[in-house]
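See below for the structure under consideration.
From a predicted model like this one, the values you see are computed outputs, not experimental measurements.
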Amino acid sequence: MSEAIPGAVDFSEKSTRDLWGELRELAQAGEAIHVKAAQVAGALVREQAAQDLARQNDLIARGQLASRYRKTAADLLAEAMACVQDTAIATLGGPVGLWAGRIAVGVAPDSIAAPVRQAVDTGAITFAQGAALVHDIDTPEIDPHAAQNVCDAVLAYATAKATATGAPVGQGVFCAKKRREMVRHVSTPRRRTRAIADRTTWVSPGDDGIATFGLTGADARCLGAYRRVDAIARAIRAQGDGRTLTQLRSDVALDLLLHGQPSPDAPTSIDHPGAGGWPAALVTVVVSAASLLGLNDEPGLVEGHPVAADTVRDVAYAAGSTWRRLVAEPLTGYAMADVSPSYQPPPRMARAVRDRDGVCRAPGCHIPAARCQLDHVIEVRDGGTTRADTLADECEPHHTKKTRRHWAARITPDGVIEWHLPDGRVYPTFPMDYRELGLDPDQPDETDEANETSEPDEHASTADDEDKANATGHANATGDAGGQGDAGDANGQGDAGEAPRETRRRRTRDRVLIDRADLEALDTDALAHQHELDDIRALLADEETAHAHTRATLEALRAQHPPF
């Protein structure tokens, strides 16, 4: 007797593709309802504010309200928003966040609300994403010009992504772009200093013997701390521990706070790694050479999250930092990938694939590649081999979907992955575009003055025109959670001389500044240099050992034959 799926509804007359089409139409209709509801809610707020203003003016005119108690238009608008929101929740139901988002879009200036509505109508973003964007930029401390720049940049990016992939921009991708633009246009040293000054910790006891412990701090420190906790948890999991990664991360973090490091007698019984203890945090930083050298202030990436340029430079130039070169093609912005015939991807190949991908390659996902699994896009069971140009980074949930054949994928020679999903459509995803990190040292920053930063030299350059190559810095920082440690290498890109910016951009589009032979030569030079450094380190270690032996011998002789 075959089992039936519980709660199944009979749609036997419709194919899977038809059902997905119907679901898509319903989702689009729902988004349209949100947009219309936002416009109606905005009209209600303005009408309520206008009535309150007229009532206030009437009271003042009749002498029943002193002028010093007059409320500003902004105060009246805020009160009207609260009134409409509470009334809607009480009479129509729904969560606070839903109505707050609708009202925020409804009362936003038309220069912001109109493009948000258009992006939702065209399917570039969801209404929830648009409401979150409006909420983040509609605060008194953000200059209206900066808010408009953030809105325009995020919506243009989302529209381009949706056009290329055929789907709304993923939530992780959207949030990362929004954060990058906020860092570029809104975040200033003064704002960051004030925010860091408010850092704190808290604990919230809950029911059933559980509590929440949280903290805020500098972004690079927090990202580095999480990376260390995650690395320890994964190492313990690999040793056969039965706990899940989420449980291990919690146990490891608490053990580190309570005991300094996981120890044999810790309440959670986490295995101790030995006398050497656990290694310090490893923080991966990606930044353009132009930003690293201070030629522009494009944000970099710390563990895949946009971080202000000055913070990235602090990590990159910290004591003990090391840099690793990552070369990107100037026209596509894609990092180059290695090829190896070995079955198990060697560390160098894995690193090259992660450099190419940057994040999980599944549609809409933005989990950093360092936390993903390497997947054979062409499954080994289907005849696939282990090659860097046929491997891809996928987070565990998306990797599982592909392994179960719920999703299918095909990779092209240039690294584009075409995903075939159950709705019958194909959604492409692309390698990380390192041009987004600001490879051009002369890239203008329209908000420099507003953000209290100095305008970069219009003709700043690091090399002659004919010797340029587009490249991106890639930093691996090792050290404590404070950001001390390794920072990745960087290659610069730019054009010298007095040529106008448009001429430089046209020249970049018309010719490739670096080819594969150049990349292989750079890679060979880097390896040779690394071998030289390793040889020098080995010689120094041998010399130190010899000196220690000589010192011990002299001490023994002095002990046997004291001078007095």
Side-chain angles (χ1 to χ4, degrees), residues 126 129 161 164-165 167-180 222-238 243-250 252 282-284 286 301-306 334-335 337 344-345 347 349-380 384 386 388-411 415-423 426-434 436 474 476:
T126 65
Q129 291 172 338
K161 282 287 187 182
T165 63
V169 64
Q171 183 67 10
V173 178
F174 176 83
C175 291
K177 179 60 177 178
K178 177 158 63 78
R179 174 181 167 85
R180 169 172 289 279
C222 290
L223 291 167
Y226 179 84
R227 176 70 179 270
R228 185 184 184 207
V229 168
D230 181 68
I232 296 173
R234 290 179 183 276
I236 297 171
R237 176 75 171 171
R243 284 166 289 179
T244 65
L245 275 177
T246 55
Q247 292 170 340
L248 281 168
R249 292 188 191 105
S250 173
V252 167
L282 172 68
V283 182
T284 300
V286 184
L301 299 177
V302 176
E303 295 300 310
H305 300 274
Y334 300 163
Q344 186 69 24
M349 178 187 290
R351 187 183 70 189
V353 175
R354 289 195 168 96
D355 289 343
R356 182 199 68 196
D357 293 341
V359 297
C360 171
R361 293 297 303 278
C365 191
H366 202 259
I367 293 179
R371 290 160 48 193
C372 293
Q373 301 171 345
L374 281 177
D375 172 47
H376 293 76
V377 178
I378 303 174
E379 301 280 356
V380 175
T386 303
D389 53 2
T390 60
L391 292 172
D393 287 285
E394 296 162 17
C395 66
E396 184 174 1
H398 287 128
H399 190 181
T400 301
K401 288 181 178 64
K402 180 174 173 296
T403 301
R404 292 173 178 169
R405 300 192 187 276
H406 288 170
W407 290 11
R410 172 181 172 273
I411 190 167
V416 177
I417 299 180
E418 299 172 349
W419 290 87
H420 298 254
L421 301 192
D423 64 351
V426 177
Y427 299 92
T429 65
F430 304 89
M432 183 173 182
D433 187 349
Y434 285 93
E436 295 177 8
H474 186 178
N476 286 324

>> side chain to side chain contact (heavy atoms under 4.5 Å, CB included), that's the test. Do Thr400 and His406 meet it? Break it down for me.
In response: CA-CA 9 Å; Thr400 301; His406 288 170; over 6 Å; no
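- Between the side chain of Arg237 and the backbone N or O of Leu245 there is no donor-acceptor pair closer than 3.5 Å.
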> Where do Arg356 and Arg361 land on the side chain to side chain contact (heavy atoms under 4.5 Å, CB included) test, with the steps shown first?
Replying inline: CA-CA 10 Å; Arg356 182 199 68 196; Arg361 293 297 303 278; 4.0 Å; yes
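- Among all heavy-atom pairs drawn from Thr390 and Ile411, the shortest one is CA-CG2, 4.2 Å.
- Dense packing is recorded around CG of Leu421, with more than 12 heavy atoms of other residues, nucleotides or ligands lying under 6.0 Å away.
- With a 4.5 Å cut-off on side-chain heavy atoms, Asp357 and Met432 do not count as touching.
- Of all heavy-atom pairs spanning Thr403 and Glu379, the tightest one is CA-OE2, 4.1 Å.
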>> Go through it in stages, so that I can follow the logic: the residues are Cys360 and His398, the test is side chain to side chain contact (heavy atoms under 4.5 Å, CB included), and I'd like the CA-CA distance, side-chain angles, deciding distance and then a yes or no.
In response: CA-CA 8 Å; Cys360 171; His398 287 128; 3.8 Å; yes
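- When the side-chain hydrogen bond (donor to acceptor under 3.5 Å, both in side chains) test is applied to Lys161, no partner is found at least two apart in sequence or on another chain.
- Among residues two or more places apart in sequence or in another chain, the side-chain contact (heavy atoms from CB on, under 4.5 Å) test is passed with Thr244 by Thr246, Gln247.
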> How far apart are the C-alpha atoms of Ile417 and Arg410, what are their side-chain angles, what is the distance that settles it, and do they pass the side chain to side chain contact (heavy atoms under 4.5 Å, CB included) test?
Replying inline: CA-CA 6 Å; Ile417 299 180; Arg410 172 181 172 273; over 6 Å; no
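- Looking only at side-chain heavy atoms (C-beta outward), Leu374 and Asp393 come within less than 4.5 Å of each other.
- A donor-acceptor pair under 3.5 Å is formed between the side chain of Gln129 and the backbone N or O of Val169.
- Checked against side-chain contact (heavy atoms from CB on, under 4.5 Å), Ala167 has the following partners two or more places apart in sequence or in another chain: Thr165, Tyr427.
- By the side-chain hydrogen bond (donor to acceptor under 3.5 Å, both in side chains) test, Gln373 pairs with His399, sequence neighbours left out.
- Evaluation of the side-chain contact (heavy atoms from CB on, under 4.5 Å) rule for Tyr226 yields Asp230, Arg249, Arg371 as partners, not counting sequence neighbours.
- Glu394 is linked by a side-chain hydrogen bond (donor to acceptor under 3.5 Å, both in side chains) to nothing, counting only residues two or more places apart in sequence or in another chain.
- The main-chain N or O of Pro306 is found under 3.5 Å from a side-chain atom of Arg179 such that the two form a donor-acceptor pair.
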